[in-house]
Enquirer: 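Input: one structure, supplied below.
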2 protein chains.
Amino acid sequence: MKAKPILNTLGAFLFILGLLMAVPLGCSLYYGESDTQGFALSFLITSGVGFVLYLAGKPQGDKTLLGHREGFLIVSAGWVLASFFGGLPYLIYGALPSLTDAYFETMSGFTTTGATVITKIEALPHGILLWRSMTQWLGGMGIIVLSVAVLPFLGVGGRQLFKAELPGPVKDKLEPRIAETARSLWMVYGIITVIGFIFFLLGGMSVFDAVNHIFCAMATGGFSTKDSSVAWFDSAYIDGVFIAFMLLAGMNFTLHYQVLTGNFRSFYKNSELRFFLGTVVIATLLITADLYLHVSADIGKAFRYALFQASSIMTTTGFVTDNFANWPAFSQIILVLLMFIGGSAGSTGGGIKCVRLLLILKDSYRELYRLIHPHAVTQVKLDHMSVSPEVMKSIWGFFALYIGLAVLATVLMSSLGLDMLTSFASVAATIGNIGPGLGLVHPSSTYAEVPALGKWILSFCMLLGRLEIYTVLVLLMPEFWKK
Amino acid sequence: MKAKPILNTLGAFLFILGLLMAVPLGCSLYYGESDTQGFALSFLITSGVGFVLYLAGKPQGDKTLLGHREGFLIVSAGWVLASFFGGLPYLIYGALPSLTDAYFETMSGFTTTGATVITKIEALPHGILLWRSMTQWLGGMGIIVLSVAVLPFLGVGGRQLFKAELPGPVKDKLEPRIAETARSLWMVYGIITVIGFIFFLLGGMSVFDAVNHIFCAMATGGFSTKDSSVAWFDSAYIDGVFIAFMLLAGMNFTLHYQVLTGNFRSFYKNSELRFFLGTVVIATLLITADLYLHVSADIGKAFRYALFQASSIMTTTGFVTDNFANWPAFSQIILVLLMFIGGSAGSTGGGIKCVRLLLILKDSYRELYRLIHPHAVTQVKLDHMSVSPEVMKSIWGFFALYIGLAVLATVLMSSLGLDMLTSFASVAATIGNIGPGLGLVHPSSTYAEVPALGKWILSFCMLLGRLEIYTVLVLLMPEFWKK
């Protein structure tokens, strides 16, 4: 392991994070609120520490080549550091009482989970709220993908970081050079964010609310500036814009890129997209029926709640228009299932991801087929392309590790004295980067009451989910550190 | 599909099942109770229908060779038929009010699940109780394995039935001829059953209770002649005998066969056995600590309850000495986990089975290792033998289908209006062939209150679990019925 280039890269990365704090600092100055000092200090500390680390690790002479092991370490350490330094504004201003809570809230932001420990959101100053939403927007496409996009000095080593951070089993290269791909993805992300912002304004949202909510919708994050989340607006139009942009954010961004560059065909041919939208449709219909039969005789209302919640949970966003903890068990189980399925690969959504589950279904079906025709040679295909055995193995491993770690974390949470439903749902909602769960952490509640150790466990689950297990887990293996 | 040999085999199989009803008939005559008529009628109907089917399908001339598709169909249909005809005594005597309940109870017996819909067990006559325990003992090693053992006329086709029914991914051949292997397994099964019977007698159990309980322990079934299950005896010695024989029944019977034939080495070298016993030990220690800290200050009592329940659930037996629905969430989650893990391959236990989970863990670890050393060539090994990619694929498919079907069944159960915990736990406890669950179907309750449709869904789960998914699921594929 080469220590210097790791320090150098992490330093540059923290430096950028510090500079980004100038945005909420400006917001705080504009509103003239009491969080100015907190942001000024956080800005200085974060960029200062980043600059020192950057210099300390600066290579002499030759350009540094990062290996794949350094890539894993930088990405995991980068997200952990970002969550510590990004939590400084909450701590210095006093929005949160402890390091545990600040780290939890910031990790929840960057990983686009949206689980919160803040009980009175509307009492916070604008700067803090904006920073909170910004952590989600930045984390959505990946802070490190951002670094690769804007820091050409990382050179070819950036590919390692990019691969370790970008969601999904297959990393499409849109452009031959990795930095260009990263820039393209961020451009698409920015364009759609601006369009969504305008749609929110047209619905009568204030500029401030529109900025915050489009940040958190595009990131499939789910932080809101309102204690009652999207239910606060109580508008079918606003609900509709949320649904549209959450769904866009849950699709593979390379598809959006292709549409923006005039290639519409790939959109229609994409199996994962069909699986993603098909699942949302089926879940919506089932929940609508359940709500209509058991909760509300108004089918229009039932449909609106069902479509919003199915879209919000399937894309792992976590916005709510109704407290689904009060829904019948059938609807709740469907929502928990959607938590595990998650968004598309290459989207800002979390969970196991549609393409993996699609391939797992296909491969399982093939096993059944082999029992009937033992000598038939079959191979799993996706969009008319064969899926290599290596990719398939990696998906199976991911599936088992995802479930295994969720189970392990559930056991740990229950050992802290939490009830069964809370233990399970809090893990499902954090490893899948959703946010609101069931039990003690239901949508109208917060994670504030979870014991401190539980918050650290759940923060780790968020990181595991956002970096798709492997990148984090590999660091825990003794073999990783050998030689 | 050849219809005649299928009818012929199913007929022979039903004929044997009918003859076996002579045993509870004799018991009923011995005790002079009112269930005699029920058994006499059931005996006549079952063996009569079997005989007619057997004749109707009798091949002219050449010996019939069954293909692998016929094998799947016969085994699945055989278990379904056995559950219908095996339920006749309950219906005719009036122990159960409906076909649904009789089918559920009998399927629960043959699949060694042990879930019951009988609310007053101790009020039933001896014959009914014995038949109930017999269904478990017969289903434990497999009624069809029994047929293969005693019906040499099935000839080489028996191999297909044997493969489709025997639990576990790898079917060890103890003897070159399949009928001999089946006979050897039944012999080992019988010998251990007799030894356990003697141990129960030594503990002061009545002959009748000893027979019934050793039948259900060896089958990892869990039916009891007492409403309060094993808690009724309230004896450390009796608990100990149960634990020992449940654990023996949860091990691979080929290991027992080897020990009985003087080969002790294979016992110590077996990875699955270590995994199986290691899991029981860890679960026992964790539950003991949890019970000691939160339920009872008597650590000896905590340990006794923990060891009994961990052994009972891990082996998928389902006997209880304490209502674990009242235990803390941590212990309950551990028990639910054990439900999914299950016994060893080639044992009478259900669940996913230890060897599969062991190989899934090894393969997942290998994926992590490949990230560190991308060019290393590694292969998963078990007991120093390489596991072929085909076996590994079949295990991954099984794992995904097991979880997927459990999820689907949970959704269906909740659609009947059952709460979340009951929906999930009833499925986990039936697809894993355990018996008692949580929620409405907790250990001190029964499945009587589950809606009728739910009983059919759970009966199907039991069958899926006992026949290890593939054998049943393959019948639902259109490709199976083509040509």
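In what follows, every chain begins at residue 1, and chains take the letters A, B, ... in the order their sequences are listed. Bear in mind the structure is a predicted one, so any value in this text is a computation, not a measurement.
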Enquirer: Non-hydrogen atoms of chain A under 4.5 Å away: do they reach the side chain of B:Ile360, the backbone, both or neither?
Expert: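 Contact with chain A involves the side chain of B:Ile360 alone.
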Enquirer: Name the region of B:Met420, side chain, backbone, both or neither, that has any atom closer than 4.5 Å to a heavy atom of chain A.
Expert: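 For B:Met420, heavy atoms of backbone and side chain both lie under 4.5 Å from chain A.
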Enquirer: Which atoms of B:Ile469 come close to chain A, meaning under 4.5 Å heavy atom to heavy atom: side chain ones, backbone ones, both, or neither?
Expert: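 It is neither, since no heavy atom gets under 4.5 Å.
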Enquirer: Where does B:Leu357 contact chain A at under 4.5 Å (heavy atoms): side chain, backbone, both or neither?
Expert: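 Neither; nothing under 4.5 Å.
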Enquirer: Using heavy-atom distances under 4.5 Å, tell me whether B:Ile403 contacts chain A through its side chain, its backbone, both, or neither.
Expert: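 Answer is side chain: those atoms of B:Ile403 sit under 4.5 Å from chain A.
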Enquirer: Against chain A, label B:Val407 side chain, backbone, both or neither, depending on which of its atoms sit under 4.5 Å from a heavy atom there.
Expert: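 Interface part for B:Val407: side chain.
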Enquirer: At a 4.5 Å cut-off on heavy atoms, which part of B:Ser423 comes close to chain A: side chain, backbone, both, or neither?
Expert: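 B:Ser423 touches chain A through side-chain heavy atoms alone.
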Enquirer: Run through B:Val411, B:Leu412, B:Leu416 and flag the one making a side chain to side chain contact (heavy atoms under 4.5 Å, CB included) with A:Phe330.
Expert: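 Output: one option passes, namely B:Val411.
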Enquirer: Any side-chain heavy atom of B:Leu371 within less than 4.5 Å of one from A:Arg69?
Expert: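 No - every pair of side-chain heavy atoms lies 4.5 Å or more apart.
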Enquirer: Within this structure, what is the CZ-NZ distance for the pair B:Arg370 and A:Lys393, rounded to the nearest 0.5 Å?
Expert: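 The CZ atom of B:Arg370 sits 6.0 Å away from the NZ atom of A:Lys393.
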Enquirer: Side chain, backbone, both or neither: which part of B:Phe399 has an atom under 4.5 Å from a heavy atom of chain A?
Expert: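 Looking at B:Phe399, just its side chain touches chain A.
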Enquirer: Can you tell which part of B:Leu421 gets under 4.5 Å to a heavy atom of chain A, answering side chain, backbone, both or neither?
Expert: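 Just its side chain gets close to chain A.
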Enquirer: At what distance, to the nearest 0.5 angstrom, does OH of A:Tyr369 lie from CE of B:Met477?
Expert: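 Nearest 0.5 Å value for the OH-CE distance: 8.0 Å.
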